[in-house]
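Small disclaimer: the values here were computed from a predicted structure and weren't measured. Atoms considered below: every heavy atom in the structure, side chains included; atoms not considered: hydrogens, waters and symmetry mates. The chains referred to below are lettered A, B, ... by the order of the sequence lines, with proteins before strands, and numbering in each begins at 1.
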Number of protein chains: 2
Amino acid sequence: MATLKDIAQRVNRSVTTVSRALAGYSDVSPETISQVRSAAEEMGYVPNTMARRLRNRSTETIGFVVPDSSGGYSEAFFNEFLAGVSKRAADFGYDLLVAVAHDKEDEISIYRKLISEGKVDGFILTRTYRMDARAELLMKENFPFAMFGRVEKALSAPYVDEDGTYAMKLITEHLVNRGHSRIACIGQPESIMFSHLRLQSVKEHLATAGVHIPEDYIRMGYFSQKDGYEQARELLRLPTPPSAIICFNDLLAFGAVNAGKDAGFRIGKDIAVTGFDDIPMSEHYRPPLTTISQPIQSIGGMVVDLLLDRIQELRGITLQEHVSEVTSRRIPIPEHWKVEADHHNHQLLLKPELIIRGTT
Amino acid sequence: MATLKDIAQRVNRSVTTVSRALAGYSDVSPETISQVRSAAEEMGYVPNTMARRLRNRSTETIGFVVPDSSGGYSEAFFNEFLAGVSKRAADFGYDLLVAVAHDKEDEISIYRKLISEGKVDGFILTRTYRMDARAELLMKENFPFAMFGRVEKALSAPYVDEDGTYAMKLITEHLVNRGHSRIACIGQPESIMFSHLRLQSVKEHLATAGVHIPEDYIRMGYFSQKDGYEQARELLRLPTPPSAIICFNDLLAFGAVNAGKDAGFRIGKDIAVTGFDDIPMSEHYRPPLTTISQPIQSIGGMVVDLLLDRIQELRGITLQEHVSEVTSRRIPIPEHWKVEADHHNHQLLLKPELIIRGTT
DNA sequence: GTGAAAGCGCTAACAT
DNA sequence: ATGTTAGCGCTTTCAC
């Protein structure tokens, strides 16, 4: 591998000059620049990553800790998001470090470790909790991070989130308009922020519509298709079973659909089911699933943008040119997505879309 | 962040001595060792990652390039595999760098880039092709890698693979025993190694069983549920439609099941469908899918083991202790999984399992 | 416009 | 058993 030194020898200049020529400093003579550039080109020079990182005290790396694949986390969601993050990070020369929480190891200790070892410049968080230990740690450490999702306490941390409250307004109105008055829901644990927000919204909008939702219609704490099946089965065995089941993700909805079928209901006729996320399979399910769509991959990209902004902010502007270039390259966010934003566009709420299909 | 220098000052020793004390060299006095260790502990010393990497010419990082999420790649598979890789890598202090192929960018150029920038010590490859440009590049560059899957040309590269030939033997025998004689199959492009192997095996074992498989029963080039639906629909509209459809992944099978339903067939009675992979949903599909199961997460871990072996091999044994410790920690592979292995246990073939469910 | 020198934090060869 | 020196490859003062 060619180094600056090699180039310097070749063009009879000092390492310093070569470094500056390559970096495009203004105080290098044009001829030197072109000499150096072509020498570098010829010699296939690529800067040594670790040397640069050591010197610059920068890892050029974003960390993403996967809660744990086994948790029944909606897989398709995760892939899409990761793709969005990785591609966007690559645009800025950032790498993506992925860690999966060991069963043994405390998730939060992974964050601690990655910070103390200096392996990442910042983190991306998803599936935030109302009280999120990760967000609290990172705030306390003043370590850069950006979230897909919010936390309950108003933090100054940057985030992108879907407007789950609005999404549930769309769903409940849709169901009420279809004549449903016995509406149940199956969701994740209420400790998860989005799950909490969605449930609140369901309650609120049903109340507005004058629809009562009894306590035993509310099933919180579930993720998987299997969970959806079991909870829906129980719901349908109640003395007064619901005529519609709102599920807080698509997998739960698939399970509920199956439970409905097994109990002899015609899905979309005798009983309605809705999902959330619009994973690829939803469109192909039988019947196709009514659900809420979110541009997951784009969201991943947006979160990267927010994080990189935050990193530079905390670092103080050092690399002037780079900064402005980077900031100007931010993904513009389509206006029709944006519901709300803080004055710095660092906290974004996106408008989700209701996709009406065969299950309602 | 405390550095070796800080510790050295504290204990009145040189940086070198501190470094060696921490590394556990034998030529440091016991008291110095304990002094240094406790000082390090107190000061919360953590070695600077980038300094170590620069100095050691090691990235302590494994690269994994995701072909592209949109390609219809079986998502659940990807997650499980990644989890296995990440966890195992973490056991050895290795990081996992994940890159997603940009739509614009040539996939192979990502490998080139990561190599020339010195960002990873080795790669993990999945979904290998019969002629695999990545494997060829890495062989040519003599850069460490390990594969989940084989390539057509016999390479000395380490791999783990399922015995797809055997898997298809199980499937065809199962179907033939159930009385099927009109058997079709839907698979990925034949350029993909596993798809090719599976197809060959299907042909071979059907021939052995005296079952003829006409050309128009063979549909290669597909990945997604949608593909599965469309191809199955066409198959079922043939003058002589098949009575069984072998699909080379579970998503294809889901599509085929739906096509069968839509055409008025009773799945598992009028028409049989089989999948491959046993993703979580397969068990919950309607009807539950007969398929081939593989321990994906474990396989991810095994591939990491092979890769780390290869990395150390190419590097020459430098860190004696570390090496032996590492090698001794390898995941033992259950005997009942192992079908075949080369003499160094660097090329492993695993025995897949047939899971019989409702679609046959 | 260019170069010498210093240093990021670590490790290792070579003294002593 | 310990310290001195050197250097990984890069960037950034600071001097000329």
What is the distance from atom [atom1] of [X] to atom [atom2] of [Y], rounded to the nearest 0.5 Å?
| X | Y | atom1 | atom2 | result |
| --- | --- | --- | --- | --- |
| H346(A) | L307(A) | NE2 | CG | 10.5 Å |
| T59(B) | R53(A) | OG1 | CZ | 9.5 Å |
| L4(B) | R13(B) | CG | CZ | 15.0 Å |
| K87(B) | S298(B) | NZ | OG | 10.0 Å |
| M50(B) | E60(A) | CE | CD | 8.0 Å |

| remark: Across all chains, not counting sequence neighbours, the side-chain contact (heavy atoms from CB on, under 4.5 Å) partners of I108(A) are D106(A), R112(A), A133(A), R134(A), L137(A)
| said: So which atom in V100(B) and which in S86(A) form the shortest heavy-atom distance, rounded to 0.1 Å? | reply: N-OG, 2.9 Å
| Nearest atoms (heavy-atom pairs only) where V46(A) meets S116(B) | CG1-O, 3.7 Å
All N/O contacts under 3.5 Å from nucleotides 7-9 of chain D to the protein, with atom names and distances to one decimal?
from   : atom 1 : to     : atom 2 : distance (Å)
dG7(D) : N2     : R55(B) : NH1    : 3.2
dC8(D) : O3'    : R57(B) : NH1    : 3.2
dC8(D) : O3'    : R57(B) : NH2    : 2.8
dG9(D) : OP1    : R57(B) : NH2    : 2.4

| remark: Rounded to 10°, the helix from dG1(C)-dC16(D) to dT16(C)-dA1(D) deviates from straight, judged by its five-pair end axes, by 50°
| said: Before we go on, tell me: are the rings of F143(B) and Y111(B) under 6.0 Å apart, centre to centre? | reply: no
| said: For DNA chain D, which residues of residues 7-22 of chain A approach it to below 4.0 angstrom with any heavy atom? | reply: V15(A), T16(A), S19(A), R20(A)
| field | Of residues 25-44 of chain B, the positions that come close to DNA chain D - non-hydrogen atoms, cut-off under 4.0 Å | value | D27(B), V28(B), S29(B), T32(B)
| said: Within the structure provided, determine whether V303(A) and V85(A) are in side-chain contact (heavy-atom separation under 4.5 Å). | reply: no
| request: Go through the structure and list residues passing ring-ring contact (aromatic ring centres under 6.0 Å, His included) with Y159(B), not counting sequence neighbours. | output: none
| said: Whether the side chain of T49(A) engages the backbone of E117(B) through a donor-acceptor N/O pair (distance < 3.5 Å, no angle test) should be reported. | reply: yes
